Structures are given as structure tokens and as C-alpha cells.
> 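Input: one structure, supplied below.
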There are 2 protein chains.
Amino acid sequence: MKEKNTEAKILEAAKAVFIEKGKDGAKMQAIADKAKINKALLHYYFRSKDKLFNVVIEETMFHFLPKVEETFLSDDNFFDKIRKVVSDYISLLSENPFIPAFMLHEINRNPDGLFNVMMKSGIRIDLIFTTIQKELQNNTINIVSPQHFFINLLSLCIFPIAARPLMQRAMFFNDQKAYDDFIEERKTQTAEFILKAIKVS
Amino acid sequence: MKEKNTEAKILEAAKAVFIEKGKDGAKMQAIADKAKINKALLHYYFRSKDKLFNVVIEETMFHFLPKVEETFLSDDNFFDKIRKVVSDYISLLSENPFIPAFMLHEINRNPDGLFNVMMKSGIRIDLIFTTIQKELQNNTINIVSPQHFFINLLSLCIFPIAARPLMQRAMFFNDQKAYDDFIEERKTQTAEFILKAIKVS
DNA sequence: GTCTATATCGGGATAGAC
DNA sequence: GTCTATCCCGATATAGAC
């Protein structure tokens with residue numbers, strides 16, 4: 001049993017509710033219920049819904065953004081790095097299935113705010129591009145540009161989780177396990193798909 | 001000047017506001033303002049926000065869903081079909097940039113409702129899979145399954161538009177034209193990426 | 001059909017007791 | 001720090017005049 005301090009309980013509940021419902025759809029009452037405390041306590045700890053939401057956004061970005069970068073900047077050979085980053089990222093997202101659609105919604109709802117948080121996280125997307133550019137110059141891969149390559153990789157990892165509720169119904173008769181298996185396959189197959197597309201021929 | 005009937009004006013305004021703000025973020029007042037009519041008229045024509053939103057969802061799905069199917073079921077050779085479907089779909093989405101994130105949000109907010117609407121649209125995703133399966137059996141392509149292939153294609157078309165506001169800032173210093181050009185390149189490059197990945201080697 | 005005015009309600013925020 | 005009770009505003013919805 002975790003009788004943690006109230007602030008942590010609130011934050012945990014707020015993350016769950018905001019990420020599932022979006023900022024506008026989330027109700028302070030629902031957060032209070034989930035945290036098993038009173039609504040007034042939310043305001044005691046975080047002043048306002050806006051402030052609470054901002055904390056959630058920051059923690060969420062700080063949690064999910066750096067994962068890609070750290071794998072990309074490791075010392076493995078490039079192809080193994082792709083295999084690892086794809087597998088790790090799909091794993092991370094499938095354990096947090098509401099994150100992708102939540103973030104995409106937020107990206108469109110408040111792009112400047114989100115970009116500012118991203119900057120504060122210290123992620124260096126330019127370093128990722130440099131790494132890719134180096135491979136390109138060594139002629140080990142055949143791609144149009146680091147930007148195209150990078151967004152292709154993100155697309156293939158993120159979209160299948162973001163669209164899961166519809167895809168599971170449309171492609172697998174809403175069979176939960178079938179889609180779980182599908183995602184499991186993608187942890188390896190996605191990287192192979194990418195590698196085949198970028199190998200020099 | 002289009003002095004169309006009021007119902008059409010409302011629907012047009014409602015589409016714009018709902019798709020940009022999401023169901024929860026949209027305000028009836030904003031819709032009325034955009035339609036240049038009074039708030040009460042919204043209820044006169046559509047009874048409630050829920051009802052109005054449902055109409056918007058249906059019209060939106062009926063507009064965007066069939067495009068993929070019709071290209072896929074044409075008589076072109078498979079590789080040309082991919083080139084065409086990718087180019088057409090990216091074009092359609094980039095002209096309606098809020099649609100992808102809106103739909104992904106809605107997919108997670110109300111999956112059953114959305115799936116029911118999708119069923120009503122009469123789209124036959126199974127026919128698409130059959131088409132792909134046939135190519136697979138003819139050994140003209142090398143893929144894991146029609147499902148993986150199809151979701152890969154959707155991912156590569158949809159995600160770069162859905163995540164545009166952040167990607168434009170992170171990758172192109174928020175240069176609007178640079179990202180427009182990027183999307184323009186993707187209309188051809190995405191198909192070539194896919195084709196290289198699936199061609200038998 | 002279209003408007004103004006108003007009723008009603010839900011939800012964010014605060015006051016104040018303990 | 002935590003609660004109950006309440007305030008207050010914004011947003012949906014309705015009434016009723018024209």
C-alpha cells in the first residue's frame with residue numbers, strides 16, 4: 001500500500017485523467033475522485049487547472065522525449081540503433097497507450113506552449129540529425145534527408161498506437177490480444193521495414 | 001458571395017470549429033460567430049451540441065474515408081496505385097491540416113461511436129486487404145502481412161500532418177514554407193520509401 | 001426563421017471550519 | 001492539510017417577441 005504524500009497522488013491522478021480525456025475534457029472532480037481526495041485540495045496544491053495541467057505536460061514530455069535521443073546517440077552501429085530505438089519506443093508507447101493521441105492533440109491545441117516545454121527539456125534534435133547525416137555521407141544508407149528519415153521512423157512507431165482503438169476494431173474485429181500481438185510483431189518488423197527501405201542497393 | 005441557407009452555413013462553421021478545437025474545446029458561441037448567426041439558431045437547427053457534433057463527425061468521415069479505398073481498388077498496377085494513393089492522401093490531408101489530429105483524438109475519446117460511423121460509411125477495408133493479399137501471393141511484393149503494410153502506409157501519410165505544428169518548429173525553425181516544401185517532397189518520396197521496403201529482393 | 005433575453009447547469013475556484 | 005459548503009462564471013439550452 002502506497003500512502004504517499006498527497007501532491008504525488010494528485011499528480012498521478014491528474015496525469016491519468018488529462019492524458020485520457022485531454023485538457024478540455026478533463027474535469028477537476030474526476031481528478032479528485034481518482035486521487036481519492038477532495039476537489040478543494042487540488043486548488044490548495046496547484047492553484048488552478050491551468051497550472052496543474054502545465055505540470056502534467058512538463059513531466060510527460062520530460063519522461064517521453066529523451067528516450068529516442070539517448071538511443072540514437074549511443075555507440076552502436078547505425079542499423080542496430082534503429083532496431084533498438086524502434087523496439088524501445090514502441091514498447092514504451094504501448095505501455096502508455098493514450099500518450100500518442102494526447103500529445104498529438106496538444107501539439108495542435110497549443111503548439112507554442114508545447115514547443116517551449118520541449119526546449120526546456122534540453123533535447124537536441126540537431127544531434128540526432130547530425131548522427132544520421134554522418135551515415136548518409138558514409139554512403140551506408142540511402143535516404144532523402146535526415147528529416148524525412150526521422151519523421152518516417154516516428155510515424156511508424158507512433159501512429160499505430162495513436163490510432164489503435166479504431167484500427168483494432170477495423171482490422172481485428174476488436175480483438176485486444178490480436179492487436180497486442182500485432183504491436184509485438186511491429187517491434188521487430190518496423191525496423192526491418194525501415195532498414196530495407198534505406199539500405200544502399 | 002454565398003448567401004446559402006442557414007443550415008449549411010452553420011454546418012460549415014461547426015466543422016471548422018470542432019475540427020480545430022475538438023469536441024470539448026469547441027464553444028457554441030464560437031460556431032455562431034463564425035456562421036455569423038445567433039447562438040439560439042444553432043439549437044433551432046440542431047437541438048444540441050451533441051447532435052451537431054455527430055453530424056460533423058459523420059460528414060467528415062464520409063468525406064475522408066473513401067478516398068483511400070477508391071484508389072486502392074482501381075485497376076492500375078500495384079506500385080502505381082501506391083504512388084497515387086500516397087500522393088492523393090497527403091494532398092488531401094495537407095489541405096485539411098487539422099483533420100488528422102482531430103480524428104486521432106476522437107478515435108481515443110469515443111472509439112465505439114467513431115467505429116459505428118465508419119461502418120455506416122460502407123467502407124470495405126477487407127477489400128483493400130484482399131487486393132494487397134493478392135500481390136503478396138503473386139510474389140510481387142515482400143511484406144509481413146496486409147495489415148502491417150496498410151498501417152505503415154497510413155502512418156507515413158498521416159503522422160507528418162498530425163504532428164506538423166511541433167515538427168515544423170523542431171525541424172525547420174517554424175518556417176512555414178520549409179514545411180510546405182517538406183510535405184510536397186513527401187508526396188513522391190513516401191511512396192518510393194515504401195516501394196523500396198516492399199520490393200522483392 | 002431569426003433575434004434578445006433569460007433560465008439552467010456544470011465545473012472551476014474560494015471561504016472558512018476543523 | 002483536509003474537509004464541507006458555497007460562490008461565481010461560462011456555456012448550453014430554452015422562452016418568447018418579432
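The structure displayed is predicted, hence computed values, not measured ones. Every chain is numbered from 1 and lettered A, B, ... according to where its sequence line falls, protein lines coming before strand lines.
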> How long is the line joining CZ of F18(A) and P of dG11(C), in whole Å?
14 Å
> Got a sec, which residues hit salt bridge (charged side-chain N to carboxylate O under 4.0 Å, His left out) with K177(B), two or more places apart in sequence or on another chain?
D181(B)
> Rounded to whole Å, how long is the line connecting atom CD1 of I31(A) with atom P of dG11(C)?
12 Å
> How does protein contact run along nucleotides 2-18 of chain D, one letter per nucleotide 5' to 3', with B for base contact, S for sugar-phosphate only, - for none, heavy atoms under 4.0 Å?
BBB------SBBBB---
> Using the side-chain hydrogen bond (donor to acceptor under 3.5 Å, both in side chains) criterion, which residues pair with T140(A)? Sequence neighbours excluded.
E135(A)
> So, using salt bridge (charged side-chain N to carboxylate O under 4.0 Å, His left out) as the criterion, who are the partners of E192(B) when residues are at least two apart?
R83(B)
> According to side-chain hydrogen bond (donor to acceptor under 3.5 Å, both in side chains), who are the partners of N77(B), at least two apart in sequence or on a separate chain?
D80(B)
> Please enumerate all residues that pass side-chain hydrogen bond (donor to acceptor under 3.5 Å, both in side chains) together with K199(A), with sequence neighbours excluded.
none
